[in-house]
Amino acid sequence: MPELPEIEVLRRSLAPRLTGRRIERVEVFAPALREPLDRRALSRRLAGRAVTALRRRSKYLLIDVEGGSTLVVHLGMSGRLTLVPAATPREPHEHLAFQLDRGERLRLRDPRRFGVAFAAATAGLETDPHFAHLGPEPLDPPLDGAALAAIATGLSAPVKAFLMDASRLVGVGNIYATEALFRAGIHPARSVARISSGRWARLAAAVVEVLEQAIRAGGTTLNDFTDGAGNEGYFQVDLAVYGRAGEPCPRCAAPVRRLVQSNRSSFYCPRCQR
DNA sequence: CGGGCGGCCTGGAGGC
DNA sequence: TGCCTCCAGGCCGCCC
């Protein structure tokens, strides 16, 4: 669920409250999320250091600290990173926490443990295995049709799978790929080898537009997502087709259909999307 | 190398 | 009411 807009909303909500705060102590409560939690590296790189900047790459939140280290957090499916008073009791599935100066705590809750958290050197982070294979950011600079078509050159995958492939383009998951394809009027199963330049332009614009609108709406909260202060997003009310099988298409009123592609649900309007 | 698919994990929803 | 099954999906690894 957390895709680019959710992580960007999280980054913006935490940046003013976290920048300049000192991490006094690191607490690791679980042996592993999707990967083992390295207690020693987290403490050695982060304890005693003040936060200097919050950045985002793909769906990863990067928290830079003094001394040239970065805390990398991925929320997986169900992760939630929130800033609370230090005295707040531990919540269920709170696997990692950072005691900060001024009596606050940054805590990571992740019931499904699909997330990732680790500390590494800031310099050269782009060559870390988590980042080395990633494709370009869709908003920075805003994606255009020619760039998107160039990325797809020589491929034949369904366009939905292509949009969600982080080695091609980062930040777009199931919800926003589904919504961008609806806005562009393209069927999710269409091969990228059979998309005209005009449709690539529409699709690129739709991806940029839906991501930017979702950021402005505070992200999409279906089950778990909140920003760093615990606020839910409200873009879910603007979803045109995602999760709406059987409901009328907002453009033409034809019933929205559900399609399973590589074990993932897609939703589309059979009349508007070809 | 491209592309399809299973597995990881838990909570919530739905069926009987 | 309670139990069971299924499903949510980002990402990786395996396979052809």
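Just so you know, these numbers use all the heavy atoms, side chains as well, and skip hydrogens, waters and symmetry mates. So you know, we letter chains A, B, ... as the sequences are listed, proteins then strands, and number each from 1.
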Student: Round to the nearest Å and state the distance from A:M164 atom CE to C:dC11 atom C1'.
Tutor: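 After rounding, the reported distance stands at 10 Å.
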Student: Does C:dG10 have OP1 or OP2 sitting under 4.0 Å from an N or O in the side chain of A:H74?
Tutor: no
Student: Taking only side-chain N and O atoms of A:S265, does any of them lie within less than 4.0 angstrom of OP1 or OP2 on C:dA8?
Tutor: yes
Student: Report the residue (A:R168 or A:Q261) whose heavy-atom-nearest nucleotide on DNA chain B is the more 5′ of the two.
Tutor: A:R168
Student: Taking the nucleotide of DNA chain B with the closest heavy atom to each, which residue, A:R264 or A:G154, is nearer the 5' end?
Tutor: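 It is A:G154, whose closest nucleotide lies nearer the 5' terminus.
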Student: Counting any heavy atom closer than 4.0 Å, what does A:L75 reach on the DNA or RNA strands: base, sugar-phosphate only, or nothing?
Tutor: nothing
Student: When you list every nucleotide of DNA chain B with an atom under 4.0 Å from a heavy atom of chain A, which one comes first 5' to 3', and which comes last?
Tutor: B:dG2 to B:dG11
Student: Using atom CD of A:Q236 as one end and atom P of C:dA8 as the other, report the distance to the nearest whole Å.
Tutor: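 The distance from CD of A:Q236 to P of C:dA8 comes to 18 Å, rounded to the nearest Å.
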Student: For A:R105 and A:E94: C-alpha separation, side-chain torsions, deciding distance, then whether salt bridge (charged side-chain N to carboxylate O under 4.0 Å, His left out) applies.
Tutor: CA-CA 12 Å; A:R105 172 162 110 253; A:E94 181 174 335; 3.0 Å; yes
Student: Decide if atom CZ of A:R39 counts as having more than 12 heavy atoms of other residues, nucleotides or ligands within a radius under 6.0 Å.
Tutor: no
Student: Have a look at A:S78 and say if it touches a base, only the backbone sugar-phosphate, or nothing, with a 4.0 Å heavy-atom cut-off.
Tutor: nothing
Student: Which whole-number value in Å describes the distance from A:L259 CG to C:dC7 P?
Tutor: 15 Å
Student: Same hydrophobic cluster for A:F162 and A:Y268, using side-chain heavy-atom links shorter than 4.5 Å among ILVMFWY?
Tutor: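 They do not share one cluster, since no chain of ILVMFWY contacts under 4.5 Å joins A:F162 to A:Y268.
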Student: A:T70 and side-chain contact (heavy atoms from CB on, under 4.5 Å): which partner among A:I63, A:T122, A:L61?
Tutor: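 Result: among A:I63, A:T122, A:L61, A:T122 is the only option passing the side-chain contact (heavy atoms from CB on, under 4.5 Å) with A:T70.
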Student: Applying a 4.0 Å non-hydrogen cut-off, can you work out what A:R109 is touching in the nucleic acid: base, sugar-phosphate, or nothing?
Tutor: nothing
Student: With a cut-off of 6.0 Å (strictly less than), are more than 12 heavy atoms of other residues, nucleotides or ligands near CZ of A:R199?
Tutor: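 Count over threshold, so yes.
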Student: A:R11 and A:L54: which non-hydrogen atoms are nearest, and at how many Å?
Tutor: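 In this case the closest contact between A:R11 and A:L54 is NH1-O, 3.3 Å.
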